[in-house]
Amino acid sequence: MSMKKDKHITMREAKERTGLTSRQIRYYDEQNLIFPARSKGNQRLFSESDLQRLLKIKKLLAAGNSIETIRLKMKTPQAKEIDPYAQLSEFEDSINDYADEELDSLYPVSNRFALLKKLTFNDHDINDQEFEEEN
DNA sequence: CTTCTGACA
DNA sequence: TGTCAGTA
(Lines give C-alpha, C1' and ligand atoms only; values in the text may rest on other atoms or scores of the structure.)
Protein backbone atom coordinates (compact mmCIF):
# COMPACT_ATOMS: atom_id res chain seq x y z
CA MET A 1 0.00 0.00 0.00
CA SER A 2 1.51 3.30 -1.00
CA MET A 3 1.70 6.24 1.30
CA LYS A 4 1.18 9.77 0.06
CA LYS A 5 2.66 10.13 -3.41
CA ASP A 6 5.77 12.32 -3.29
CA LYS A 7 4.43 14.57 -6.03
CA HIS A 8 7.22 16.76 -7.35
CA ILE A 9 6.70 20.41 -6.64
CA THR A 10 8.14 22.92 -9.07
CA MET A 11 9.91 26.16 -8.23
CA ARG A 12 6.84 28.01 -9.41
CA GLU A 13 4.54 26.24 -7.00
CA ALA A 14 7.10 26.64 -4.22
CA LYS A 15 7.10 30.39 -4.80
CA GLU A 16 3.32 30.60 -4.90
CA ARG A 17 2.81 28.48 -1.80
CA THR A 18 5.51 30.07 0.37
CA GLY A 19 5.37 33.65 -0.79
CA LEU A 20 9.16 33.57 -1.07
CA THR A 21 11.11 34.65 -4.13
CA SER A 22 13.07 32.14 -6.21
CA ARG A 23 16.20 33.99 -5.12
CA GLN A 24 15.41 33.37 -1.46
CA ILE A 25 14.52 29.72 -2.00
CA ARG A 26 17.75 29.05 -3.90
CA TYR A 27 19.72 30.83 -1.21
CA TYR A 28 18.19 28.72 1.55
CA ASP A 29 19.00 25.64 -0.52
CA GLU A 30 22.56 26.88 -0.90
CA GLN A 31 22.70 27.29 2.89
CA ASN A 32 21.60 23.66 3.30
CA LEU A 33 18.31 24.52 4.95
CA ILE A 34 16.33 22.46 2.44
CA PHE A 35 17.28 19.42 0.38
CA PRO A 36 15.13 19.31 -2.76
CA ALA A 37 15.74 16.54 -5.30
CA ARG A 38 16.83 17.38 -8.82
CA SER A 39 15.35 16.48 -12.16
CA LYS A 40 17.47 15.33 -15.08
CA GLY A 41 17.59 18.91 -16.21
CA ASN A 42 18.92 19.99 -12.82
CA GLN A 43 15.57 21.51 -11.93
CA ARG A 44 14.73 21.53 -8.22
CA LEU A 45 12.01 19.05 -7.28
CA PHE A 46 10.56 20.06 -3.91
CA SER A 47 8.78 17.63 -1.64
CA GLU A 48 5.90 18.43 0.66
CA SER A 49 8.33 18.49 3.58
CA ASP A 50 10.54 20.92 1.72
CA LEU A 51 7.58 23.28 1.49
CA GLN A 52 6.90 22.88 5.19
CA ARG A 53 10.53 23.65 5.95
CA LEU A 54 10.45 26.74 3.73
CA LEU A 55 7.45 28.07 5.62
CA LYS A 56 9.21 27.29 8.89
CA ILE A 57 12.35 29.06 7.69
CA LYS A 58 10.32 32.07 6.64
CA LYS A 59 8.76 32.20 10.09
CA LEU A 60 12.04 31.83 12.01
CA LEU A 61 13.74 34.39 9.76
CA ALA A 62 10.94 36.87 10.40
CA ALA A 63 11.39 36.21 14.12
CA GLY A 64 14.95 37.45 13.84
CA ASN A 65 16.85 34.15 13.71
CA SER A 66 20.03 33.86 11.66
CA ILE A 67 20.56 31.27 8.94
CA GLU A 68 23.06 29.52 11.21
CA THR A 69 20.61 29.38 14.11
CA ILE A 70 17.86 28.05 11.89
CA ARG A 71 20.14 25.38 10.47
CA LEU A 72 20.89 24.08 13.96
CA LYS A 73 17.32 24.46 15.15
CA MET A 74 15.78 22.49 12.29
CA LYS A 75 18.38 19.73 11.92
CA THR A 76 18.08 17.48 8.88
CA PRO A 77 15.02 15.49 7.77
CA GLN A 78 17.10 12.33 8.31
CA ALA A 79 17.80 13.11 11.95
CA LYS A 80 14.10 13.65 12.58
CA GLU A 81 13.32 10.09 11.49
CA ILE A 82 16.10 8.52 13.51
CA ASP A 83 16.15 10.62 16.69
CA PRO A 84 12.96 10.23 18.79
CA TYR A 85 13.78 13.39 20.72
CA ALA A 86 13.85 15.39 17.53
CA GLN A 87 10.11 14.94 17.23
CA LEU A 88 9.53 15.95 20.85
CA SER A 89 11.71 18.98 20.29
CA GLU A 90 9.71 19.83 17.21
CA PHE A 91 6.50 19.58 19.19
CA GLU A 92 7.83 21.92 21.85
CA ASP A 93 8.85 24.37 19.16
CA SER A 94 5.34 24.23 17.74
CA ILE A 95 3.93 25.14 21.13
CA ASN A 96 6.20 28.15 21.42
CA ASP A 97 5.36 29.22 17.88
CA TYR A 98 1.61 29.15 18.27
CA ALA A 99 1.29 30.05 21.93
CA ASP A 100 2.33 33.64 21.31
CA GLU A 101 -0.94 34.24 19.52
CA GLU A 102 -3.64 36.05 21.49
CA LEU A 103 -6.34 33.98 23.12
CA ASP A 104 -9.38 36.10 23.98
CA SER A 105 -11.74 33.33 25.02
CA LEU A 106 -11.43 29.69 25.94
CA TYR A 107 -14.43 28.72 23.83
CA PRO A 108 -12.92 29.06 20.36
CA VAL A 109 -10.48 26.29 21.15
CA SER A 110 -9.11 26.42 17.61
CA ASN A 111 -5.66 27.07 19.04
CA ARG A 112 -4.95 24.19 21.38
CA PHE A 113 -1.30 25.19 21.71
CA ALA A 114 -2.18 28.64 22.96
CA LEU A 115 -4.67 27.16 25.39
CA LEU A 116 -2.15 24.64 26.64
CA LYS A 117 0.57 27.20 27.20
CA LYS A 118 -1.83 29.68 28.78
CA LEU A 119 -2.93 27.09 31.28
CA THR A 120 0.61 26.03 32.18
CA PHE A 121 1.76 29.63 32.32
CA ASN A 122 -1.00 30.89 34.59
CA ASP A 123 -0.89 27.82 36.76
CA HIS A 124 1.17 29.32 39.58
CA ASP A 125 -0.55 32.69 39.28
CA ILE A 126 -3.93 31.05 39.74
CA ASN A 127 -2.68 29.13 42.77
CA ASP A 128 -1.31 32.31 44.31
CA GLN A 129 -4.62 34.04 43.90
CA GLU A 130 -6.55 31.16 45.40
CA PHE A 131 -4.06 31.02 48.24
CA GLU A 132 -4.54 34.68 49.00
CA GLU A 133 -8.32 34.36 48.86
CA GLU A 134 -8.29 31.46 51.26
CA ASN A 135 -6.38 33.46 53.87
C1' DC B 1 8.47 30.99 -21.22
C1' DT B 2 10.78 29.27 -16.81
C1' DT B 3 14.69 27.61 -14.08
C1' DC B 4 19.74 27.50 -13.00
C1' DT B 5 24.39 29.27 -11.71
C1' DG B 6 27.46 32.95 -11.00
C1' DA B 7 28.30 37.70 -10.25
C1' DC B 8 27.72 42.45 -8.68
C1' DA B 9 25.43 48.58 -9.00
C1' DT C 1 18.10 40.46 -2.04
C1' DG C 2 17.30 42.12 -6.55
C1' DT C 3 18.68 41.53 -11.07
C1' DC C 4 21.28 40.79 -15.37
C1' DA C 5 23.59 37.33 -18.33
C1' DG C 6 23.84 32.99 -20.98
C1' DT C 7 22.13 28.24 -20.80
C1' DA C 8 19.37 24.24 -20.81
Side-chain angles (χ1 to χ4, degrees):
Chain A
M1 292 171 251
S2 60
M3 301 286 276
K4 291 181 180 178
K5 297 177 181 177
D6 284 14
K7 185 163 46 182
H8 58 273
I9 298 172
T10 63
M11 172 59 87
R12 167 172 296 183
E13 189 174 347
K15 288 190 298 182
E16 299 176 335
R17 291 177 58 181
T18 63
L20 295 168
T21 64
S22 57
R23 176 73 167 81
Q24 294 174 306
I25 296 175
R26 294 190 184 105
Y27 179 64
Y28 303 153
D29 183 17
E30 182 183 310
Q31 295 303 308
N32 298 305
L33 265 42
I34 56 175
F35 316 93
R38 294 294 184 126
S39 68
K40 290 184 178 180
N42 197 38
Q43 303 280 97
R44 263 167 270 253
L45 299 178
F46 302 92
S47 66
E48 213 54 55
S49 63
D50 284 322
L51 269 289
Q52 301 290 42
R53 292 175 69 83
L54 284 173
L55 291 173
K56 184 72 177 179
I57 293 168
K58 183 181 181 182
K59 203 168 189 175
L60 293 175
L61 231 37
N65 296 94
S66 67
I67 297 294
E68 178 62 31
T69 299
I70 296 176
R71 186 184 304 142
L72 296 173
K73 189 180 183 61
M74 295 179 74
K75 292 193 175 183
T76 69
Q78 318 297 335
K80 289 167 62 180
E81 296 179 20
I82 301 174
D83 182 9
Y85 294 102
Q87 295 183 40
L88 175 59
S89 175
E90 190 171 63
F91 174 69
E92 296 176 329
D93 289 340
S94 298
I95 292 180
N96 292 323
D97 287 343
Y98 294 99
D100 291 331
E101 296 175 16
E102 290 300 326
L103 186 62
D104 302 324
S105 169
L106 294 182
Y107 291 102
V109 197
S110 56
N111 190 331
R112 289 158 50 187
F113 290 120
L115 175 58
L116 175 58
K117 181 164 186 177
K118 200 168 191 65
L119 289 175
T120 57
F121 246 42
N122 297 339
D123 197 356
H124 63 285
D125 293 329
I126 294 176
N127 290 330
D128 288 341
Q129 293 181 321
E130 295 179 338
F131 185 72
E132 290 178 24
E133 292 176 357
E134 292 176 352
N135 290 309

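Naming convention: chains lettered A, B, ... in sequence-line order (proteins, then strands); numbering from 1 in each chain. As the structure is a computational prediction, the values presented were derived from the model and not from experiment.
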>> Does A:Thr10 form a side-chain contact (heavy atoms from CB on, under 4.5 Å) with A:Gln43? I'd like the steps, not just the answer.
In response: CA-CA 8 Å; A:Thr10 63; A:Gln43 303 280 97; over 6 Å; no
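No engagement by A:Phe46 is indicated, since no non-hydrogen atom pair under 4.0 Å with the nucleic acid exists. Looking at heavy-atom distances under 4.0 Å, A:Thr10 makes no contact with the nucleic acid at all.
Note that CG of A:Leu55 and CZ of A:Arg17 are 8.0 Å apart. Values are rounded to the nearest 0.5 Å. Note that CD of A:Gln52 and NZ of A:Lys56 are 10.5 Å apart. Values are rounded to the nearest 0.5 Å.
Following rounding to the nearest Å, A:Asp29 (CG) and B:dT5 (C1') show an atom-to-atom distance of 12 Å. In this structure, A:Gln31 places its CD atom 14 Å from P of B:dT5, rounding to the nearest Å. Here B:dC4 presents its P atom at 13 Å from CD of A:Glu30, a figure rounded to the nearest Å. In this structure, A:Asn42 atom CG and C:dG6 atom P are separated by 20 Å, rounded to whole Å. Rounded to a whole Å, the CZ atom of A:Arg38 is 16 Å from the P atom of C:dA8. Atom pair A:Lys15:NZ and C:dG2:P shows a separation of 11 Å (rounding to whole Å applied). A straight line from CD of A:Gln43 to P of B:dC1 spans 16 Å, rounded to a whole angstrom. What separates CZ of A:Arg26 from P of C:dG2 is a distance of 11 Å, to the nearest Å.
Neither OP1 nor OP2 of B:dT5 sits under 4.0 Å from any side-chain N or O of A:Tyr27.
Between A:Leu61 and A:Gly41, it is A:Leu61 whose nearest contact on DNA chain C lies nearer the 5' terminus.
Using N1 to N3 plus N6-O4 or O6-N4 for Watson-Crick, or N1-O2 and O6-N3 for G-U wobble, each under 3.5 Å, B:dA9 pairs with nothing. Nucleotide B:dT2 forms a pair with C:dA8, judged by Watson-Crick or G-U wobble geometry with both contacts under 3.5 Å.
Within the 4.5 Å cutoff, no side-chain heavy atoms of A:Leu61 are placed close to those of A:Gln24.
Put simply, A:Tyr27 and A:Leu20 are part of the same group of oily side chains (I, L, V, M, F, W, Y) that touch within less than 4.5 Å, one to the next.
Between the side chain of A:Arg23 and the base of C:dT3 there is at least one donor-acceptor pair of N/O atoms closer than 3.5 Å.
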